[in-house]
Amino acid sequence: MKPTDHDAVAEDVVRCAYDTVADAYADAFASTEPELPVDLAMIEHFASLLAEPREVLDAGCGAGRMMPLLAGLGCRVQGIDLSRGMIRRARRDHTQFPSRVGSLSDLPLPDAAVDGVFSWYSTIHTPDAELPAVLTELRRVVKPGGHVLLAFQSGSGVTEVSGAYRQRGLDVALYRHDRTADDAVAALLAAGMEEVARLERAPAAHERTAQAVVIARRPV
Ligand SMILES: C[S@@+](CC[C@H](N)C(=O)[O-])C[C@H]1O[C@@H](n2cnc3c(N)ncnc32)[C@H](O)[C@@H]1O
């Protein structure tokens with residue numbers, strides 16, 4: 001199987017799953033309730049690093065819950081997500097932000113289009129073999145000197161995360177690919193970026209896994 005075929009198959013599975021759970025996800029996570037203050041501090045730091053006009057792509061925006069936060073930090077936000085169902089909810093619930101269907105592996109943006117790319121738990125379904133191509137694509141659309149933020153569950157291995165949705169009668173197959181901050185930083189460096197900041201923290205009471213946030217810069 002060619003790498004491009006493999007990408008397409010993996011993305012089809014994720015797209016189909018999020019189309020199915022879009023309303024359940026959007027209703028359960030309307031804003032930033034799951035985030036801890038330290039997570040939000042990393043987002044504030046990311047926004048503070050951006051050059052004007054602070055154009056930000058919310059890459060894998062889902063139903064758009066993080067876009068008002070970014071706008072409140074002075075960013076001009078647009079969203080992209082693989083799932084039509086998630087984009088339908090983003091457009092319905094966050095009408096002030098442009099959002100459209102698109103893939104992290106083939107972003108519908110020209111080179112050096114934005115000051116920052118914000119990927120909040122949107123590379124978590126990307127297999128390790130496909131991560132280099134995704135990070136190269138994120139680097140392509142950010143301006144030289146611009147920043148990329150990744151947030152993800154920290155760990156290793158592949159975990160099936162369909163259970164909570166199946167309990168609600170939603171028949172999906174969804175897998176999460178955990179990696180450590182070290183793994184993510186190594187992949188970002190290999191994609192031609194440099195590390196700016198990282199957070200790796202223990203799970204909070206409502207979480208089962210450790211969490212990580214990494215901020216990287218595209219060199220000038
Ligand atoms: C866990 S949700 C997070 C959504 C949102 N960032 C949030 O925090 O609520 C993961 C999202 O990433 C999107 N996603 C996963 N892989 C993607 C890809 N290759 N291209 C675009 N979006 C992707 C999914 O469709 C889903 O909406």
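Every value quoted in this text rests on a predicted model; they were computed, and no experiment measured them. Both counts, for ligands and for their atoms, begin at 1 and track the order of listing.
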At a non-hydrogen distance cut-off of under 4.0 Å, which region of [X] contacts ligand 1 (side chain, backbone, both, or neither)?
| X | answer |
| --- | --- |
| E11 | side chain |
| V14 | side chain |
| C61 | backbone |
| W120 | both |

Tell me: protein heavy atom nearest [atom], and distance?
| atom | value |
| --- | --- |
| atom 16 (N) of ligand 1 | S122 O, 3.5 Å |
| atom 20 (N) of ligand 1 | L104 N, 2.9 Å |
| atom 23 (C) of ligand 1 | L82 CB, 3.7 Å |
| atom 10 (C) of ligand 1 | Y121 O, 3.3 Å |

(message) Ignoring hydrogens and geometry beyond distance, is a side-chain donor-acceptor pair present between S105 and E11 at under 3.5 Å?
(response)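 Looking only at side-chain atoms, E11 and S105 do form a donor-acceptor pair, the distance falling under 3.5 Å.
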So does [Y] get a backbone contact from the side chain of [X], meaning a donor-acceptor N/O pair under 3.5 Å?
| X | Y | answer |
| --- | --- | --- |
| E33 | S31 | yes |
| R84 | D19 | no |
| E195 | V185 | no |
| R54 | G74 | no |
| S162 | L174 | yes |
| R140 | L109 | yes |
| R166 | V172 | yes |

Any N/O of [X] closer than 3.5 Å to an N/O of ligand 1?
| X | value |
| --- | --- |
| R65 | yes |
| I124 | no |
| D58 | no |
| M66 | no |

Taking only heavy atoms of [X] into account, list the atoms of ligand 1 that are under 4.0 Å away from them.
| X | value |
| --- | --- |
| Y25 | 1 (C), 2 (S), 3 (C), 4 (C), 7 (C), 8 (O), 9 (O) |
| G62 | 4 (C), 27 (O) |
| M86 | 27 (O) |

Can [X] be said to touch ligand 1, with heavy atoms closer than 4.0 Å?
| X | value |
| --- | --- |
| D81 | yes |
| F29 | no |
| S105 | no |
| A17 | no |

(request) Considering non-hydrogen atoms only, spot the tightest contact between S103 and I80 and give its length. (result)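 In this case the closest contact between S103 and I80 is N-CG2, 4.3 Å.
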(request) Kindly identify the option in F152, Y18, F118 whose heavy atom sits closest to atom 2 (S) of ligand 1. (result)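 Of the listed residues, Y18 has the closest heavy atom.
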(request) Please work out whether the ring planes of Y25 and Y18 are parallel, tilted or perpendicular, with thresholds of 30° and 60°. (result)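 It falls in the perpendicular class, over 60°.
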(request) If the plane angle is over 60° it's perpendicular, under 30° parallel, otherwise tilted; pick one for H94 and F97. (result)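 Ring orientation of H94 relative to F97: tilted.
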(request) Just do the side chain to side chain donor-acceptor pair (under 3.5 Å) check on S119 and S122 with the steps written out, would you? (result) CA-CA 6 Å; S119 164; S122 61; 2.7 Å; yes
